[in-house]
2 protein chains.
Amino acid sequence: MPIMTNPTSTADKILQCARSLIIAGGYNGFSYADIAEVVGIRKASIHHHFPSKVDLVRTLLEQYREEAKAGIAALERYNPDPADQLRAYTDYWATCIADPTSAFCVCALLASQIPVLPPEIVVEVRAHFRTLSAWLTAVLEEGATQERFVLSGTARSEAEGFVAGVHGAMLSARAYGDDKVFKVVTDSLIERLMADRS
Amino acid sequence: MPIMTNPTSTADKILQCARSLIIAGGYNGFSYADIAEVVGIRKASIHHHFPSKVDLVRTLLEQYREEAKAGIAALERYNPDPADQLRAYTDYWATCIADPTSAFCVCALLASQIPVLPPEIVVEVRAHFRTLSAWLTAVLEEGATQERFVLSGTARSEAEGFVAGVHGAMLSARAYGDDKVFKVVTDSLIERLMADRS
DNA sequence: GACAAATATTCTACTAGAAGGTAGATATGC
DNA sequence: GCATATCTACCTTCTAGTAGAATATTTGTC
């Protein structure tokens with residue numbers, strides 16, 4: 001096992017390409033042939049790195065979840081205020097939505113297809129949702145303790161509402177083909193939590 | 001053209017079956033072979049009723065949109081109060097979610113795959129979102145006029161937030177494999193609109 | 001550094017099955 | 001007789017996946 005792989009190794013290119021293809025059309029919306037064409041290798045070479053499609057997507061999701069956790073950690077480090085954390089989170093997605101290759105949460109997109117997904121994929125998707133809602137629950141609790149937020153229900157139920165609102169806003173942005181609706185919805189999601197609203 | 005077709009004609013069975021297959025896994029998540037097996041006919045017979053997959057799904061969406069409009073009209077007839085209308089709407093979906101063959105809005109599911117969808121399908125999906133948000137905007141305006149609702153932003157932006165919340169809640173219910181999260185999220189969606197909250 | 005063994009990566013060529021779709025024969029009902 | 005509906009049989013293309021040869025690349029040994 002090499003100490004470090006090439007920063008943009010073939011395996012990484014394959015994963016990156018597969019990710020953007022899933023974001024466009026989900027698990028059954030892309031094939032090894034699609035990846036081969038974009039990356040510039042043959043189908044068989046992809047199978048060398050990822051024997052099966054499930055291996056590829058599972059690896060991709062493990063990597064995505066790690067990135068998400070690292071992103072959340074960084075975001076917490078730079079934003080001590082809970083409200084700023086929520087804003088940083090929705091702002092991050094607002095910029096993602098402008099780029100077609102990253103305009104949707106991979107796990108949110110796959111979640112919609114859970115009934116036809118291999119079980120190994122479902123567990124990763126489910127785990128991401130739990131991570132997200134656990135983090136948001138903690139942020140809302142912290143904000144409530146600091147009296148920056150006013151929660152109508154439990155932190156947990158408000159967090160689930162926030163997750164649902166963000167994912168639904170991604171969906172609406174895609175449906176209308178209009179990025180602005182995402183910002184409108186998520187801004188109001190944060191605004192209604194604020195204690196200083198008049 | 002016959003005056004009336006059999007109440008459960010083959011074409012209807014095909015449409016019904018295709019609908020539940022789309023709800024499970026989207027446009028690329030089912031095939032003519034899948035339908036043939038469930039309905040009990042051969043693939044070629046499906047092509048007689050719907051020459052291409054696009055024809056089938058477009059027809060299915062036209063029918064779905066008609067049902068949705070009729071459902072909304074019925075719901076308005078039986079519920080003069082705007083708050084009751086919203087409750088009837090979310091309650092309808094809460095019961096749908098309990099049944100795997102109808103546990104997701106067909107248009108919401110297809111919206112997630114818009115980048116890989118044929119354009120004829122995209123226009124129907126988009127139209128449904130517009131119908132939904134126009135109706136909800138009207139309901140919220142009426143509720144605000146009657147001073148039953150307190151809106152934080154415009155009726156339109158609140159309506160988009162409501163649509164996003166409902167679709168996101170469907171997604172979370174599927175991700176967790178837990179119907180209850182849908183009710184929790186949508187109840188709070190309605191609750192925060194109410195003027196009489198303490 | 002030179003050389004060879006081992007390992008990693010990519011390739012061509014192929015498979016079996018599924019995809020959407022077509023042609024044309026055969027029923028079925030008015 | 002005629003339209004609707006279903007069938008068998010087939011086509012083409014795509015699908016994930018495999019076998020095995022041809023290259024690179026690394027790794028040890030001298």
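In what follows, chains are A, B, ... by sequence order, proteins preceding strands, each numbered from 1. Only this structure's heavy atoms are used, side chains among them; waters, hydrogens and symmetry mates stay out. Computed from a predicted model, the values in this text were never measured in an experiment.
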Does a side-chain N or O of [X] approach OP1 or OP2 of [N] to a distance below 4.0 Å, or not?
X	N	result
B:T10	D:dT6	yes
A:H48	C:dC11	no
B:S45	D:dC7	yes

For nucleotides 27-29 of chain C, which of its nitrogen or oxygen atoms have a protein nitrogen or oxygen under 3.5 Å away, and what is each distance?
none

Between D:dT4 atom C1' and B:R42 atom CZ, what is the distance in whole Å?
-> 20 Å

Let me know the distance between CD1 of B:I46 and P of D:dT8, rounded to the nearest Å.
-> 13 Å

Expected output: side-chain A:T145 to main-chain A:E141 donor-acceptor under 3.5 Å = yes

Does any residue of residues 15-25 of chain A have a heavy atom under 4.0 Å from DNA chain C, and if so, which ones, in number order?
-> none

Is the distance between the ring centroids of B:F162 and B:H167 under 6.0 Å?
-> no

Protein-nucleotides 18-22 of chain C N/O pairs under 3.5 Å:
residue, atom, partner, partner atom, Å
C:dA19, OP1, B:S31, OG, 3.0
C:dA19, OP2, B:S31, OG, 3.2
C:dG20, OP1, B:F30, O, 3.4
C:dG20, OP1, B:K53, NZ, 2.8
C:dG20, OP2, B:Y32, N, 2.9
C:dG20, N7, B:K43, NZ, 3.3
C:dG20, O6, B:K43, NZ, 3.1
C:dG21, OP2, B:K53, N, 2.8
C:dG21, N7, B:H47, NE2, 3.3
C:dG21, O6, B:K43, NZ, 3.2

Salt bridge flag under 4.0 Å for residues B:R42 and B:E37 | no

Charged N-O contact under 4.0 Å between B:K183 and B:D187 = yes

Distance (rounded to the nearest 0.5 Å) between B:D99 CG and B:I23 CD1 | 8.5 Å

To the nearest 0.5 angstrom, please state how far the NE2 atom of B:H49 sits from the CD1 atom of B:I14.
-> 4.5 Å

Return yes when atom CD of B:E147 has more than 12 non-hydrogen atoms of other residues, nucleotides or ligands closer than 6.0 Å, and no otherwise.
-> no

Partner set under side-chain hydrogen bond (donor to acceptor under 3.5 Å, both in side chains) for B:W135, not counting sequence neighbours = B:E76

Residues in side-chain hydrogen bond (donor to acceptor under 3.5 Å, both in side chains) contact with A:Q146, at least two apart in sequence or another chain = A:E142

Under 3.5 Å, which donor-acceptor pairs link side chains of residues 103-121 of chain B to any protein atom two or more places apart or in another chain?
residue, atom, partner, partner atom, Å
B:S112, OG, B:L109, O, 2.7
B:Q113, OE1, B:Y27, N, 3.1

Tell me, please, whether A:Y64 has A:K69 positioned over its six-membered ring: NZ or CZ under 6.0 Å from the ring centre and within 45 degrees of its axis?
-> no

